[in-house]
Amino acid sequence: MSYDHLAIEAKWQDRWESEKVFEVTEDPSKPKFYNVAMYPYPSGELHVGHVRNYTYIDLITRYKMMQGFNVLSPMGWDSFGLNAENHAIETGIHPKVSVAEQIERMKVQFRRLGVGFDWSRELASHDPDYYRWDQWIFLELWEKGLAYKAEAAVNWCPKDQTVLANEQVVGDDVCERCGTPVEKKMLSQWQFKITEYADELLDAIDDLDDWPDRVRTMQRNWIGRSEGATFTIQVDGGGSFDVFTTRPDTIFGMTFCVLAPEHPLVEELISGSETEDEARQYVSAAQRASEIERLAEGDKTGVFTGAYAINPVNEKRVPVYIADYVLMGYGTGAIMAVPGQDQRDWDFATKYGIDIVRTVQPEEGFDGEAFLGDGPTINSDFLDGMRQDEAKTKIIEWLADQGIGEATVQYRLRDWLISRQRYWGCPIPMLNCDQCGLVPVPRDQLPVLLPDIEDYLPKGMSPLAADDDFVNTTCPDCDGPARRETDTMDTFMDSSWYFLRYADAHNDEVLFDTEKARYWMPLDQYIGGVEHAILHLLYARFITRFLYDLGLSPVQEPFQRMFTQGMLVHKGAKMSKSKGNVVPPDDYYDNHGADATRLFELFVGPPTDDAVWNDSGVSGSKRFLDRFWKQATWDGGWNARSADDRDREILGHAHRTVKKVTEDIERFRFNTTVPALMTLSNELQSYLGDEPREETHGEVIEMMLKLLSPMAPHVSHELWERRGNESMLAFEAWPSWDEELAREDTVTMIVQVNGKVRDRLEVESDIDEAAAEAAALASEKIQAWLDGQEVRRVITRPPNLVNVVIG
RNA sequence: GCCCGGGUGGCGGAACGGUAGACGCGAGGGGCUUAAACCCCCUUGAGCCGAACACGGCUCGUGUGGGUUCGAAACCCACCCCGGGCACCA
């Protein structure tokens with residue numbers, strides 16, 4: 001017997017919508033809860049991996065509502081980007097047409113899942129009403145000196161004459177469309193100075209207490225602050241270069257130097273040297289390779305430049321190498337190499353027969369190669385005997401006295417390159433005027449509308465460059481001819497502030513009203529995939545801080561509590577449209593219902609972990625809901641007896657279940673909430689078979705309906721109504737539990753001998769240590785194991801465990 | 001390579017220093033049925049011993065090898081394997 005999930009789910013979806021249950025406004029009389037799932041790219045089809053995400057967000061929305069919060073959970077669309085553009089190239093259909101269709105399809109699927117979103121605040125990043133504010137933020141960044149143009153490399157397909165995204169570079173560095181080997185090409189591109197905020201962004205991580213530790217660690221490492229020294233090294237025969245090192249204390253151990261292949265001094269050093277040909281070959285190979293390849297596993301290779309540098313502390317001549325493990329983008333693009341204290345330098349020195357000098361005395365018994373630990377400094381003249389910290393301070397003073405160096409801080413974080421040579425993105429609101437140079441578009445001319453075009457294929461530049469009507473304009477300063485910027489913005493810009501726009505989604509005077517944002521911000525819960533742990537979250541933190549500094553954002557940190565969920569794996573790979581392994585939810589909605597689908601999504605595994613999609617799991621959840629339906633509507637005849645142990649037991653179990661479900665929701669262990677309800681349902685099944693009382697049954701069922709309502713809202717709302725309740729279940733208060741009722745009278749105490757379980761005793765749950773020990777030692781089984789041997793120690797953890805240590 | 005996670009039955013997982021395998025899936029057995037489906041009940045980590053119904057007990061077992069602890073899936077060290085991120089997928 002199955003309940004009619006199709007009719008019931010449609011009915012409640014209608015009710016929630018028509019009664020605007022999830023549309024909210026600022027209400028200072030209630031505590032607010034701002035609950036956001038990362039807005040999705042509108043691929044046109046939700047799959048069960050997305051559904052997992054929205055099941056979590058809806059569970060929290062409904063749970064917090066029942067706890068009395070004014071809950072806002074909005075939804076929007078990350079609708080710019082490469083996928084829609086590729087689709088347009090393939091089909092010729094304009095992205096704005098396909099995106100609109102896909103959004104409509106996805107909204108139907110959201111509705112069928114029964115998610116409670118406030119659709120009145122819906123936004124889409126390709127909407128000019130939205131992206132004009134991207135442009136506005138860009139202008140603010142420009143005026144504050146935080147946006148600038150600089151040369152940067154792009155992937156270039158020489159055959160298609162187009163810039164490729166990293167994702168379009170496949171296999172052995174070839175173009176995914178035509179298989180041509182990809183080249184690097186330098187272009188002048190827009191960047192945001194996120195590095196100005198590096199310290200702030202780093203320091204604030206300490207206070208993000210409600211973020212997963214792993215995400216905080218990843219962000220810290222990504223910013224990668226390191227303290228050290230920068231100093232100048234002279235080249236024997238003329239010229240010099242700067243190096244950055246975190247270990248200036250080891251400077252006496254420098255036996256060679258390494259320059260990045262792109263270092264500006266390379267050309268001068270190698271030209272005319274005996275190794276010139278080899279060096280040129282090495283440099284051009286290195287410049288073609290991607291950064292990941294250059295740092296990848298395998299032997300570190302390099303080539304001697306033929307030049308020598310002078311170690312400033314001891315005047316030693318040391319060889320200068322070029323090697324691709326040194327990156328131009330980090331530090332100064334040149335390093336002093338100290339093989340005694342750095343393993344990569346050790347490997348390199350060993351390979352090329354370079355001297356190794358230890359400057360830190362390794363600890364007794366050390367048999368490794370490079371020694372990274374602390375110890376007394378050796379072979380270092382005036383630093384000898386000092387520990388790392390002292391030696392660092394001393395040598396930095398020395399470098400400063402010599403006028404060749406100073407203490408510096410380096411970040412791994414680079415500025416944010418936002419230029420994309422793409423059509424389907426937000427136009428950058430800048431002009432190039434022959435007279436005035438770079439000129440910002442005046443704010444009253446925003447938005448710079450993205451024009452409709454016919455040909456989306458990029459030809460050397462952004463497709464916008466081919467649209468003369470777009471490109472040619474007039475300079476607002478001198479009224480002379482000017483050309484518009486034709487690159488568009490990285491879509492990470494769109495997603496860096498949308499959560500602020502939700503607070504005031506239809507404002508056409510400002511990007512949002514600060515007072516409205518003050519009510520809702522910060523997000524009390526933000527949920528999304530772990531793949532966003534670094535870039536999106538960091539950019540969003542940066543832009544929010546910038547808007548705070550402008551006096552617009554009411555908060556510096558947008559995301560109070562962050563939750564990163566695992567991915568759904570199917571057929572051995574993460575579920576994604578490009579891998580062709582997506583499972584759409586529609587068949588599950590039809591055959592088993594949205595409620596059963598949601599329960600299985602919760603049940604499938606710990607929310608933080610990846611999980612494997614199992615086709616037969618949803619039918620198991622439906623089986624549970626069917627059985628629960630029968631229990632809730634049970635009319636098998638009631639017994640008029642008064643309450644006894646059977647009633648106390650099932651009620652106690654119900655109270656324990658309220659406690660367990662509440663605590664599990666609070667600690668984000670949704671996968672164990674469903675089993676708790678299943679276990680109670682199994683218990684209820686036995687209860688109903690043995691003279692059940694109607695009052696006890698009603699009490700247990702109503703508790704269960706409340707617990708179930710954030711997880712399987714349709715069926716629980718229906719059953720709540722059928723029990724004759726006037727109010728909607730969504731507006732009921734979350735149940736509380738009574739510790740006294742929840743307490744179990746007796747528990748199973750295990751008795752161990754030397755840590756191995758040897759007996760189980762049923763004891764009062766308030767047993768004390770002495771009684772527990774006495775009971776354990778009184779056990780015949782335990783006495784047999786003791787066999788007269790001396791009891792050396794007894795560990796007692798009443799009422800769960802006694803461990804008798806003998807022998 | 002660097003940063004961050006993760007390895008537990010046939011499968012998804014539970015157990016956050018104290019009974020390893022909750023709950024579910026799958027499988028097997030039984031009941032209901034003319035039959036099947038649905039539903040209900042039971043069994044289900046491996047090996048072994050004593051019983052000879054369904055009872056009782058032992059040994060092993062949480063990727064591998066060490067360590068800490070009265071006690072380790074959990075904590076520490078080393079290694080192996082898998083996944084995410086590495087700045088133009090978002």
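Everything numeric here is computed off the predicted structure, so don't read it as measured data. Numbered from 1 within each chain, the chains take letters A, B, ... in sequence-line order.
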Can you tell me which stems RNA chain B forms, taking runs of 3 or more consecutive Watson-Crick or G-U pairs with both distances under 3.5 Å?
-> B:1-7 with B:80-86, B:10-12 with B:23-25, B:26-31 with B:39-44, B:45-50 with B:55-60, B:63-67 with B:75-79
Applying side chain to side chain contact (heavy atoms under 4.5 Å, CB included), name anything that partners A/A772, two or more places apart in sequence or on another chain.
-> A/M749, A/I767, A/T796, A/P798, A/V802
Selected nucleotide, minimal atom distance to [X] side chain, candidates [options]:
X: A/L535; options: B/C89, B/A87, B/G24; answer: B/A87
X: A/T748; options: B/U19, B/A87, B/C58; answer: B/U19
X: A/E531; options: B/G84, B/A15, B/G57; answer: B/G84

Nucleotides 67-70 of chain B: which of its N/O atoms have a protein N/O under 3.5 Å away?
{"residue": "B/C70", "atom": "OP1", "partner": "A/R793", "partner atom": "NH1", "Å": "3.2"}
{"residue": "B/C70", "atom": "O2'", "partner": "A/N803", "partner atom": "ND2", "Å": "3.4"}
{"residue": "B/C70", "atom": "O2", "partner": "A/N803", "partner atom": "ND2", "Å": "2.5"}

Separation of B/G85 P from A/D610 CG (nearest whole Å) | 10 Å
Close N/O contacts between protein and nucleotides 44-50 of chain B (under 3.5 Å):
none

Tell me which residues in residues 618-625 of chain A put a heavy atom below 4.0 Å from RNA chain B, sorted by number, or none.
-> A/G620, A/R623
Lys NZ or Arg CZ of A/K622 over A/Y3 ring: under 6.0 Å, within 45° | yes
Applying side-chain hydrogen bond (donor to acceptor under 3.5 Å, both in side chains) to A/R667 and not counting sequence neighbours gives A/D664
Base, sugar-phosphate, or nothing for A/D609, non-hydrogen atoms under 4.0 angstrom?
-> nothing
